[in-house]
Amino acid sequence: MSGGDIAGLIAAGVFALLVLLLAVPILKLGKVLDEVRTSIRSISDGATPLMDEVTATVSTTNQQLKKVDGISSNVSDASANLSALSSLVAATVGSPLIKVAAFSYGVRTALANRKKPAAGRRSR
């Protein structure tokens, strides 16, 4: 055996030792990847029914919101009609009532002043 052969054997042994040392982390990394694959599969299996339920809930909610939207538009129309009706009643009945009230107040005041003699006047 020559020196080159011995050096080759030592290099081959060091290389084999290096391969063994690197094989351990690679095997551990493979186990980690297997666990990740299993976790992703279980999450995927659990998420699919959940996504179906969420889709059903959102569609039901949209239907309910459409009904509420119709109700709110009807309430808005009713409140606009009530506002118009109250304005009409106020214009029709309110103004004459105010005039009648003002007239009666004026008549009462005039009658009250007519009955009282003036304080500064003396009758003879």
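Heads up: numbering here begins at 1 and tracks the sequence.
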Participant: How long is the gap from CG on L18 to CG on L22, to the nearest 0.5 Å?
Facilitator: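 Spacing of CG (L18) from CG (L22) equals 4.5 Å.
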Participant: For the residue pair T57 and T61, establish whether any side-chain heavy-atom pair is separated by less than 4.5 Å.
Facilitator: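 Yes - at least one pair of side-chain heavy atoms lies under 4.5 Å apart.
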Participant: List the residues meeting side chain to side chain contact (heavy atoms under 4.5 Å, CB included) with S39, not counting sequence neighbours, and say none if there are none.
Facilitator: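 In terms of side chain to side chain contact (heavy atoms under 4.5 Å, CB included), with neighbours along the sequence ignored, S39 is linked to no residue.
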Participant: Are V19 and I10 joined in one hydrophobic group, where the rule is that I, L, V, M, F, W and Y side chains link up if heavy atoms are under 4.5 Å apart?
Facilitator: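 Different hydrophobic clusters.
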Participant: According to side chain to side chain donor-acceptor pair (under 3.5 Å), does anything in residues 73-92 pair up with another residue at least two apart or in another chain? List the pairs.
Facilitator: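 Listed once each, the pairs would be none.
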Participant: Of the non-hydrogen atoms in P96 and A91, which two are nearest, and what is the gap between them?
Facilitator: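 Minimum heavy-atom separation between P96 and A91: CD-O, 4.3 Å.
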Participant: Quick one: does V24's side chain get under 4.5 Å of K28's, heavy atoms only?
Facilitator: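 V24 vs K28: side chains touch.
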Participant: Is there a path from M1 to V14 through hydrophobic residues (I, L, V, M, F, W, Y) whose side chains come within less than 4.5 Å of each other?
Facilitator: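 Both belong to a single hydrophobic cluster.
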Participant: Side-chain heavy atoms under 4.5 angstrom apart, residues restricted to Ile, Leu, Val, Met, Phe, Trp, Tyr: same cluster for L17 and I26?
Facilitator: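 No: no chain of side-chain contacts under 4.5 Å links L17 to I26.
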Participant: With sequence neighbours left out, which residue pairs that include part of residues 93-104 fulfil the side chain to side chain donor-acceptor pair (under 3.5 Å) condition?
Facilitator: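 Every candidate side chain to side chain donor-acceptor pair (under 3.5 Å) pair involving residues 93-104 fails, so no pair, neighbours aside, qualifies.
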Participant: So, taking the atom named CG in L33 and the one named OG1 in T38, what distance separates them when rounded to the nearest 0.5 Å?
Facilitator: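 Atom-to-atom, L33:CG and T38:OG1 are 10.5 Å apart.
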Participant: In chain order, what residues pass the salt bridge (Lys or Arg N to Asp or Glu O under 4.0 Å) check against D34, with sequence neighbours excluded?
Facilitator: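 So D34 forms a salt bridge (Lys or Arg N to Asp or Glu O under 4.0 Å) with R37.
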Participant: Working to the nearest 0.5 angstrom, can you tell me the gap between L50 CG and T55 OG1?
Facilitator: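 Rounded to the nearest 0.5 Å, the CG-OG1 separation comes to 9.5 Å.
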Participant: With sequence neighbours excluded, tell me which residues meet salt bridge (Lys or Arg N to Asp or Glu O under 4.0 Å) with R108.
Facilitator: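 Listed in chain order: nothing, the list is empty.
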Participant: If hydrophobic residues (ILVMFWY) are linked whenever their side-chain heavy atoms come closer than 4.5 Å, directly or via other members, who joins V58 in its cluster?
Facilitator: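 Grouped by the 4.5 Å side-chain rule, V54 form the rest of the cluster around V58.
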